[in-house]
There are 2 protein chains.
Amino acid sequence: MLDATSSYKPMDLRIPVADRTGHRTVPETTRRTDRIPGTRYGNRPTMKDVAARAGVGLKTVSRVVNGEPGVTPETERRVQEAIEALGFRRNDSARVLRKGRTASIGLVLEDLADPFYGPLSRAVEEVARAHGALLINGSSAEDADREQELVLALCARRVDGLVVIPAGDDHRYLEPEIKAGVATVFVDRPAGHIDADVVVSDNYGGAHDGVSHLIAHGHRRIGFIGDMPRIHTAAERLRGYRTAMEDAGITVADSWMSLGVTDPERVRRAAEEMLSGPDPVTAIFTGNNRVTVTVIRVLAGHTRRVALVGFDDIELADLLQPGVTVVAQDAAALGRTAAERLFRQLDGTLLAPERIELPTRLITRGSGELPPAD
Amino acid sequence: MLDATSSYKPMDLRIPVADRTGHRTVPETTRRTDRIPGTRYGNRPTMKDVAARAGVGLKTVSRVVNGEPGVTPETERRVQEAIEALGFRRNDSARVLRKGRTASIGLVLEDLADPFYGPLSRAVEEVARAHGALLINGSSAEDADREQELVLALCARRVDGLVVIPAGDDHRYLEPEIKAGVATVFVDRPAGHIDADVVVSDNYGGAHDGVSHLIAHGHRRIGFIGDMPRIHTAAERLRGYRTAMEDAGITVADSWMSLGVTDPERVRRAAEEMLSGPDPVTAIFTGNNRVTVTVIRVLAGHTRRVALVGFDDIELADLLQPGVTVVAQDAAALGRTAAERLFRQLDGTLLAPERIELPTRLITRGSGELPPAD
DNA sequence: TAGAGCCTGGACAACGTTGTCAGGCTCGGG
DNA sequence: CCCGAGCCTGACAACGTTGTCCAGGCTCTA
């Protein structure tokens with residue numbers, strides 16, 4: 001389906017310079033992507049063309065285009081006319097080169113298609129827009145290499161700032177960038193080995209609340225299904241679960257916990273195992289939205305009633321029978337907070353890096369119907 | 001919350017040149033955003049610095065950075081060392097200026113936070129990635145002016161191509177861009193007054209199928225709640241509804257149809273009206289995912305059983321009681337198809353603009369439980 | 001009426017990179 | 001031993017824009 005061998009190889013985004021191995025990447029084939037000399041790409045008119053047509057100087061065109069004062073209405077009219085006629089559009093690459101700022105920020109997240117990141121991304125975009133900046137984004141697919149590749153590509157484009165949802169756990173590669181003035185904020189998960197602004201949810205507290213809720217309703221055999229423990233949020237939520245259980249004097253059996261990739265098949269198997277066996281759980285706490293959805297499906301196929309509390313809110317969770325209680329984080333607030341901090345860095349209003357933790361909210365649904373422990 | 005008055009005003013993204021009114025935008029305040037002359041922004045090292053440090057020529061650095069052949073291992077080592085030491089990162093703005101292509105494409109859609117656009121956006125990104133390009137995106141918020149503003153900003157950055165989900169209905173402003181070689185594909189909705197590639201779902205057919213499904217189950221008084229009719233998809237779906245009803249010999253009462261903005265309040269009111277009154281509907285066909293969700297909520301509060309079929313699939317729709325039958329479109333396929341066509345335009349493999357229509361799929365859920373007509 | 005000051009317009013350099021081209025080096029063969 | 005071929009290397013211009021600076025023409029005042 002994807003045809004990566006087509007003749008459109010605009011540029012090599014990878015920067016051989018700083019790759020992991022320290023070796024430079026040698027292109028397998030000679031790249032022939034340069035325009036034929038003398039042929040302007042797409043033949044776009046430049047300010048020079050506009051100036052020539054309007055019979056004015058180059059700088060005068062620049063003035064008109066940028067709305068600078070000091071141009072006679074008559075002259076301006078002529079310039080506007082030429083612009084219109086030629087379909088001129090200012091080339092921001094050249095502009096950026098001259099001015100030093102790109103008016104764009106980068107957002108690197110895990111997966112744009114995940115409903116959790118949509119609102120986050122949108123929130124970042126809105127803040128960027130309010131500051132006159134564009135948003136460039138990319139998905140890391142939870143792959144540290146790809147994250148780095150993306151981030152460096154963005155830096156090469158000289159984004160003014162970066163909002164990163166870390167996939168990897170070592171971000172020292174960003175040091176020169178930050179030193180060079182690229183504003184950087186990490187969201188959802190902390191950065192690794194680097195001192196930078198971080199905006200996260202209270203994953204530990206949220207999970208603790210959710211599990212405590214189950215305990216308060218009489219549950220003692222509570223399962224936990226979460227993401228890979230190397231992901232910080234997953235580890236924190238597990239910690240919340242463990243502590244809540246501990247606080248209630250409950251000893252957690254190993255078979256009650258399942259951590260790993262969150263694809264439906266694995267989660268389904270994990271849930272089934274917890275629900276069968278000699279010592280089945282009476283309630284499950286799920287570590288994120290994807291897991292929750294899968295477990296809801298599993299439970300729907302069971303006759304026995306099992307209580308469920310999930311991290312992250314899910315649309316329509318209130319309409320299920322029984323309703324699903326969740327620990328909700330505010331994805332939009334995460335994005336907004338991060339982006340605002342980013343622009344404050346660019347302002348120079350911000351001094352030391354800080355860690356900001358946003359509260360979660362327990363949304364109780366159908367709790368009255370929670371099946372009791374035994 | 002948003003502080004748009006901060007001192008970070010990197011650049012004016014709006015291009016006064018081509019604004020709607022034809023007047024140029026005069027900045028209210030004198031912009032003082034230029035770097036202090038002589039102070040390099042962020043003090044980033046350039047190839048020149050690297051060259052100086054490595055004791056080689058400028059071009060040699062360029063060669064090393066781009067993996068071009070013809071550099072002694074020893075020389076390369078020295079250059080690499082200097083690069084490492086200085087934290088040099090190639091400036092793609094300058095590169096773009098020289099080469100003419102940016103290796104980035106733009107995506108303008110309605111709202112990144114809408115679950116329908118997440119997968120679409122991700123699909124576009126994957127195709128772009130396969131072709132070595134980055135994705136810049138922006139939300140038009142269903143506002144034609146904002147769409148144009150965004151598109152022109154992207155053109156000013158010289159994106160190689162554009163994927164646009166139109167908010168406005170006149171895209172003649174894109175003519176000079178397309179003529180200048182910016183590959184352009186419209187998705188989800190057709191372009192206005194311009195001949196360009198379009199990738200859409202079979203909105204008419206899908207709606208027809210969905211409504212026919214209801215009719216086949218004995219319903220005759222079927223309501224339709226959809227988006228504003230100026231939105232092409234909404235109009236097409238309405239047409240599907242009308243035709244399906246007509247085909248079945250059913251005369252549609254005006255009170256059965258409600259078109260307008262899709263915020264929950266309006267939709268709720270529309271649904272309530274259809275369900276009460278002298279001639280209440282026994283089934284509702286909803287025009288998109290947001291409407292469907294709201295109507296599900298309304299129906300949950302009613303004792304009378306009302307059948308529901310919605311356009312767009314919804315997560316967990318299968319677990320609701322009763323399950324919600326939907327007309328599903330493949331958002332990812334829309335994005336993928338559009339992006340692939342875009343790169344084929346850039347290849348030069350593509351000739352005449354075309355209109356591609358992707359099929360929809362009726363997903364039947366809980367149909368056996370559909371309450372009959374009376 | 002002359003001089004000061006303002007307004008308009010344009011020439012020019014610089015931003016950082018890449019393509020062209022030419023010069024210098026080494027090495028092998030005559 | 002000399003010359004040409006071939007390989008490395010670097011000087012230079014150009015990409016399109018913007019900031020600086022200056023020139024020329026105008027108005028206004030003394």
Side-chain angles (χ1 to χ4, degrees), chain A residues 11-12 15 17 30-52 54-76 78-79 88-102 156-158, chain B residues 11-12 15 17 30-52 54-76 78-79 88-102 156-158:
Chain A
M11 274 188 239
D12 194 358
I15 302 184
V17 158
T30 308
R31 292 180 193 283
R32 275 286 342 141
T33 56
D34 297 324
R35 312 165 268 172
I36 297 91
T39 305
R40 264 196 266 133
Y41 166 63
N43 223 21
R44 293 221 79 142
T46 73
M47 286 193 177
K48 206 159 143 190
D49 301 325
V50 174
V56 301
L58 191 56
K59 180 64 204 191
T60 301
V61 176
S62 172
R63 273 196 270 264
V64 171
V65 168
N66 293 296
E68 285 170 28
V71 181
T72 324
E74 162 58 16
T75 308
E76 180 182 343
R78 281 219 315 283
V79 172
F88 166 81
R89 206 80 73 194
R90 179 176 67 195
N91 183 333
D92 272 357
S93 291
R95 182 165 218 246
V96 160
L97 182 58
R98 192 75 213 327
K99 301 196 78 143
R101 287 214 160 169
T102 54
R157 312 229 157 172
R158 294 294 187 270
Chain B
M11 275 187 239
D12 194 356
I15 303 185
V17 159
T30 308
R31 291 177 195 286
R32 272 291 334 145
T33 56
D34 298 324
R35 315 164 267 174
I36 296 92
T39 306
R40 262 195 271 134
Y41 166 63
N43 226 18
R44 291 221 81 138
T46 73
M47 285 192 177
K48 205 159 143 188
D49 301 325
V50 174
V56 301
L58 192 54
K59 180 63 207 194
T60 301
V61 176
S62 172
R63 274 195 270 264
V64 172
V65 168
N66 293 296
E68 284 169 30
V71 181
T72 323
E74 162 58 16
T75 309
E76 180 181 343
R78 284 220 313 283
V79 172
F88 166 81
R89 207 79 74 192
R90 179 177 66 195
N91 183 334
D92 272 356
S93 291
R95 180 163 221 247
V96 161
L97 181 58
R98 195 66 191 19
K99 301 196 79 144
R101 287 215 160 168
T102 54
R157 308 221 162 182
R158 295 292 186 270

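Letters A, B, ... are given to chains in the order of the sequence lines, protein chains preceding strands, and every chain is numbered from 1.
If you take CZ of B:Arg158 and P of D:dC15, they are 14 Å apart, rounded to a whole angstrom. At whole-Å resolution of the value, NZ in B:Lys99 and P in C:dT20 are 11 Å apart. The separation between A:Asn66 atom CG and D:dG16 atom C1' is 12 Å, rounded to whole Å. Distance, B:Arg90 CZ to C:dC15 C1': 17 Å, rounded to whole Å. The distance from atom CD of B:Glu76 to atom C1' of D:dG10 is 17 Å, rounded to the nearest whole Å. Between the CZ atom of B:Arg95 and the P atom of D:dA14 there is a distance of 21 Å, given to the nearest Å. Rounded to a whole Å, the CG atom of A:Leu58 is 19 Å from the P atom of D:dC22. Per the geometry, CE belonging to B:Met47 stands 10 Å off P belonging to C:dG19, to the nearest Å.
A close approach under 4.0 Å does occur between a side-chain nitrogen or oxygen of B:Ser62 and OP1 or OP2 of C:dT18. Phosphate contact (OP1/OP2 of D:dT9, side-chain N/O of B:Thr75, threshold under 4.0 Å): present. Put simply, A:Lys59 has no side-chain N or O that comes within less than 4.0 Å of OP1 or OP2 on D:dT20. Taking only side-chain nitrogens and oxygens, B:Arg98 never comes nearer than 4.0 Å to OP1 or OP2 of D:dA14. Residue A:Thr60 places no side-chain N or O under 4.0 Å from the OP1 or OP2 atom of C:dG9.
Applying the side chain to side chain donor-acceptor pair (under 3.5 Å) test between A:Asp92 and each of A:Arg89, A:Arg90, A:Arg95 identifies A:Arg90 as the sole match.
If you find the closest nucleotide of DNA chain C to A:Pro73 and to B:Lys48, the one lying nearer the 5' end belongs to A:Pro73.
Which of C:dT18, D:dG19, C:dG9 sits closest to the side chain of A:Arg63 comes down to C:dG9. Distance from the side chain of B:Asn91 is smallest to C:dG16 among C:dT18, D:dT18, C:dG16. For A:Val71, the side-chain atoms get nearest to C:dG9 when compared with the rest of C:dC15, C:dG9, D:dT17. Closest approach to the A:Thr72 side chain among D:dG19, D:dG16, C:dG9 is made by C:dG9 (side chain taken as heavy atoms from C-beta onward).
Nearest heavy-atom pair across A:Ala94 and B:Leu97 is CB-CD1, 3.8 Å. Nearest heavy-atom pair across A:Glu76 and A:Val64 is CG-CG1, 4.0 Å.
At distances below 3.5 Å, at least one donor-acceptor pair connects side-chain atoms of A:Thr46 with backbone N or O atoms of A:Lys48.
Side-chain contact between B:Arg44 and B:Asn91 is absent, with no heavy atoms from C-beta onward closer than 4.5 Å.
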